[in-house]
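First the proteins, then the strands, lettered A, B, ... as listed; each starts at 1. Quick note: numbers below take in every heavy atom, side chains included, and nothing from hydrogens, waters or symmetry partners.
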Amino acid sequence: MSTVLDVDAVTKTYDTGAVEVHALRGVSLTVEQGEYVAIMGPSGSGKSTLMHILGCLDVPTTGHYRLAGEDVGTMTEAELADVRNRRIGFVFQQFHLLSSLPAWRNVELPLVYAGLSRAERRRRALAALERVGLGDRVDHKPGELSGGQQQRVAVARALVSEPALILADEPTGNLDSTSTDDVLGLLRELHDQGRTIVLITHEAEVAQAAARVIRVRDGVVTSDEPTDSPTGVTA
Amino acid sequence: MTWRDSFGTALGAVRSHKLRSGLTMLGILIGIAAVILTVGLGSGAQDKVRSQISALGTNLLVISPGSSTASTGVRGGLGSSTTLTVSDADALTSKVVAPDIEAVAPTLTSSETLLNGTTSWTSSVVGTTADWASVRARTVSEGRFLDAADESSDAAVVVLGSTTASELFTVGDPVGQDVTVDGVQLQVVGVLASSGSTGSTDDDDTAIVPMSTAQQRIFGGATRTEVQDIYVEATSGSTLAGAYQEADDELLQLHGITTAADADFTITSQQSLVSTATSVDKTLTVLLAGIAAISLLVGGIGVMNIMLVSVTERIREIGLRKALGATPSLIRRQFLLEASVLGLAGGLLGLALAFVGAAVLPHLISDPIAISATASVAAVGTAVLIGIVFGVYPASRAARLAPIDALRSE
Ligand SMILES: Nc1ncnc2c1ncn2[C@@H]1O[C@H](COP(=O)(O)OP(=O)(O)OP(=O)(O)O)[C@@H](O)[C@H]1O
Ligand SMILES: [Mg+2]
């Protein structure tokens, strides 16, 4: 098994003018291909910051991050955009759907930048929505969907390009238990297909879905151990 | 991402903010319509003057006796009251001397009373040669014009202007009838077609006789070889200057004058009349076009303003698109296209408004407006260019945003 994510002594410092905020104070971890990892920690511990670095949306202040063996620090903006497009599927903490576009248009966005034909995009977007159980809501705009449905649209968008890596930041944060189970079920399926999944959560039950839990506190990793989840692939 | 996708995205963005896009386009629209209309007004005025002048005869030079250059007034010729003669005109007809001259028509004009029985009418009687019709761009509606045989035989024939003809012959066909001028009986051989000129003098109130007849039989006396004006037609518009030079050189030589400043004749071109007439219009057009251009600039700044607002308002969208794989150049393209769509739509609507204006305005200001295709294409092109130029800054601002900063901004 090859190493997909290799985080090496990464720090992230935000300079807010008056004070420097040390969001990450030296994080090192590796994730193998096909793993299902949960990152847990209290609010403000640096989970989202870590995910943004893993997803090439942000760069470390110091330290190195290698994605599938390639040092992200040496890539150009356009190369990073290409990596995000082809390798990574994001599910954001705040959904980040475009309110002016119907669900299927939101879902097809990664495929637009991948350069697929219109017909192919629509076909795959509809299939992805079908898969998250929103086959009858494809033409609804985000404002016309419930929070759980919006989150499922976001999941559909993350899986539509069939990326090898799925980064999900609190995908169940705003959901009731039924919707939570739906989303976790989807992630489980994706994992079963061999995709690498990094799931951020502060709920212990949600973290139990993963095979491995990394705990973060004040910008450092405090523990990194397998769960007793039977479905996990141990590292 | 294909251009078509980028275009679709840009169009969608423009459509989803209808009011704002509409107001932005309004700025461009007014500017473009103003530019097209002022240019149209200017060229309409020029067309009008040009058509008035070409009605007099195209590529025309008029040689008149005396000098108008000297401030001391009209300078007389070598011991005679008028300085142009039939032989001057004859010399200019030579293709060797004046290759750029197509036709020459000397004229001798006098106001005379014409009689048809007891009906009388005072008209301007012009003695000239057969070339007059071509030089002055006139045709006959009935009968024929004068010919060379009339000239050589001092024929007692006359061609009437349409006004003169209808005054003298209220009933029946004038061709073949006789009229009497100064006791000389002349046969009407033709009637000129109306010149259609709307000038202050009636070009149709005239009677044309052969030059020789006028000199020998009608006017008589001291005018036997003298002519008043010589009309010269150049072979084409481009040879007008050459024809001018040839006529000037030849006449100076014939009159034995060594310095051009001492010339005892004056050559005027219709072109010089046109340029005087149009230069006033041009100044006005430039002024108006300047104002229109400024309004276009203001429209462009409006586009920039809206695009900046659009970028700021859609920072999260930009961040998301980048997170999902949009490269900086694709983001730039999207916003540039959006600005161009605003410019293009504004430009096309402005063009439409200009056409409406061109149809309505002439009724109010009695000036013609000629909208040219090139001006229209150029104006719409300018509108798109304005969109692009003023969209560049907002677009590159959008493209430079770091994805995560954009995503996290509120
Ligand atoms: N752009 C920023 N500028 C300054 N400080 C920031 C910025 N982004 C995050 N931080 C700070 O970095 C720290 C970590 O933030 P982060 O969003 O990673 O936390 P988190 O673990 O995801 O929290 P939550 O569970 O609430 O989502 C916080 O103290 C936060 O205030
Ligand atoms: Mg977070």
**Student:** Against chain A, work out which of B/Ala13, B/Pro403, B/Ser16, B/Ala323 has the most heavy-atom pairs shorter than 4.5 Å and name it.
**Tutor:** B/Ala323
**Student:** From A/Ser48 OG over to B/Ile404 CD1, what is the distance, rounded to the nearest 0.5 angstrom?
**Tutor:**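 The distance works out to 8.5 Å.
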**Student:** Which atom pair, heavy atoms only, marks the closest approach of B/Ala326 to A/Ala81?
**Tutor:** O-CB, 3.6 Å
**Student:** Under 4.5 Å heavy-atom distance to chain B, tell me which part of A/Arg157 shows up: side chain, backbone, both or neither.
**Tutor:**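 The side chain, not the backbone.
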**Student:** Which region of A/Phe95, side chain (C-beta onward) or backbone (N, CA, C, O), has a non-hydrogen atom less than 4.5 Å from a non-hydrogen atom of chain B, or is it both or neither?
**Tutor:**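 Looking at A/Phe95, nothing touches chain B.
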**Student:** Which of the residues A/Cys56, A/Pro110, A/Ser100 is involved in the greatest number of heavy-atom pairs with chain B at under 4.5 angstrom?
**Tutor:**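 Winner by heavy-atom pair count: A/Pro110.
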**Student:** Would you indicate whether A/His64, at its atom NE2, is surrounded by more than 12 heavy atoms from other residues, nucleotides or ligands within a distance under 6.0 Å?
**Tutor:**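 Open.
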**Student:** Against chain B, label A/Arg121 side chain, backbone, both or neither, depending on which of its atoms sit under 4.5 Å from a heavy atom there.
**Tutor:** side chain
**Student:** For the atom pair CZ (B/Arg316) and CG (A/Leu98), what is the distance rounded to the nearest 0.5 Å?
**Tutor:** 10.0 Å
**Student:** From the options B/Leu330, B/Asp5, B/Thr327, select the one residue that forms a side chain to side chain contact (heavy atoms under 4.5 Å, CB included) with A/Tyr113.
**Tutor:**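 Answer to the side chain to side chain contact (heavy atoms under 4.5 Å, CB included) test with A/Tyr113 among B/Leu330, B/Asp5, B/Thr327: B/Leu330.
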**Student:** Using a 4.5 Å cut-off on heavy atoms from C-beta on, say whether the side chain of B/Glu317 contacts that of A/Leu101.
**Tutor:**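 A side-chain contact under 4.5 Å is absent here.
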**Student:** With respect to B/Leu324, which candidate in A/Leu109, A/Val112, A/Leu111, A/Asn106 satisfies the side chain to side chain contact (heavy atoms under 4.5 Å, CB included) definition?
**Tutor:**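 Checked A/Leu109, A/Val112, A/Leu111, A/Asn106 against B/Leu324; only one passes side chain to side chain contact (heavy atoms under 4.5 Å, CB included): A/Leu109.
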**Student:** A quick test of your reading: do over 12 heavy atoms of other residues, nucleotides or ligands sit less than 6.0 Å from CZ of B/Arg397?
**Tutor:** no
**Student:** So which part of A/His96 gets closer than 4.5 Å to some heavy atom of chain B, the side chain, the backbone, both or neither?
**Tutor:** both
**Student:** Does any heavy atom of chain A fall under 4.5 Å from the side chain of B/Arg314, the backbone, both, or neither of them?
**Tutor:**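 For B/Arg314, neither part sits under 4.5 Å from chain A.
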**Student:** Is chain B contacted by the side chain of A/Arg118, its backbone, both, or neither, given a heavy-atom distance below 4.5 Å?
**Tutor:**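 Interface part for A/Arg118: side chain.
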